[in-house]
Amino acid sequence: MDLENQARIKDLAEKYGNEDFIVLLGGGEAEASGLAAETVSAGDPTFAGPLAGVPLGLKAYHILELKDEIDPAIYEEQISMMEMVLDVDAIKKEVAEYRG
């Protein structure tokens, strides 16, 4: 997760709290998605950004985990192609690890 997005998320969490705040991810690789989920929950593990040492405790979900929550026509048009080329199970497993 880039430093600018870390700063935005930190500012929003400070402004609105973290109780009803989730982070929606869309990365194409399990490891990168997991790193982003870890960053918003436990703090930036690379200690390079605004969330270094800042555990916001936010829950992160990958867009592929929310398929049943999205209008099927929109999902088909905007996201379904990703399912064909990505390791969906690995991404879901990696991101879910940081919510548990």
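Rounding to the nearest 0.5 angstrom, the gap separating the CD atom in Glu14 from the CG atom in Leu56 is 7.5 Å. Note that the NZ atom of Lys67 and the NE2 atom of His62 stand 14.0 Å from one another [nearest 0.5 Å]. The distance from the CG atom of Leu58 to the CG atom of Asp20 is 11.0 Å, given to the nearest 0.5 Å. The line from CZ of Arg99 to NZ of Lys59 is 8.5 Å long, rounded to the nearest 0.5 Å. In this structure, CG in Asn18 is found 12.0 Å from CG in Leu12, a value given to the nearest 0.5 Å. Here the CD atom belonging to Glu77 is positioned 7.5 Å from the CD1 atom belonging to Ile74, to the nearest 0.5 angstrom.
Within the 4.5 Å cutoff, the side chain of Ile9 has no heavy atoms near those of the Thr39 side chain. Side-chain contact between Met1 and Val40 is present, with heavy atoms from C-beta onward closer than 4.5 Å. Under the 4.5 Å side-chain criterion, counting only non-hydrogen atoms from C-beta, Gln6 is in contact with Pro50. Annotation: side chain of Tyr98 is not in contact with side chain of Leu35 (no heavy-atom distance under 4.5 Å).
The neighbour count for Glu76 CD, taken as heavy atoms of other residues, nucleotides or ligands under 6.0 Å away, does not exceed 12. More than 12 heavy atoms of other residues, nucleotides or ligands shown are found within 6.0 angstrom of CD on Glu83.
Heavy atoms only, all atoms of each residue included: Ala60 and Val95 are closest at O-CG1, 3.4 Å. Minimum heavy-atom separation, Asp44 to Gly49: OD2-N, 3.1 Å. The minimum heavy-atom distance between Phe21 and Ala13, with the atom names listed, is CE1-N, 3.4 Å. Counting all heavy atoms, side chain and backbone alike, Gly34 lies closest to Glu94 at CA-CG, 3.4 Å.
Val23 and Leu3 fall into different hydrophobic clusters, where Ile, Leu, Val, Met, Phe, Trp and Tyr are joined by side-chain heavy atoms under 4.5 Å apart, directly or via other members. Under the 4.5 Å side-chain heavy-atom criterion for ILVMFWY residues, a single connected hydrophobic cluster contains both Val85 and Ile63.
Using a 4.0 Å cut-off between charged side-chain N and carboxylate O, Arg8 and Glu4 make a salt bridge.
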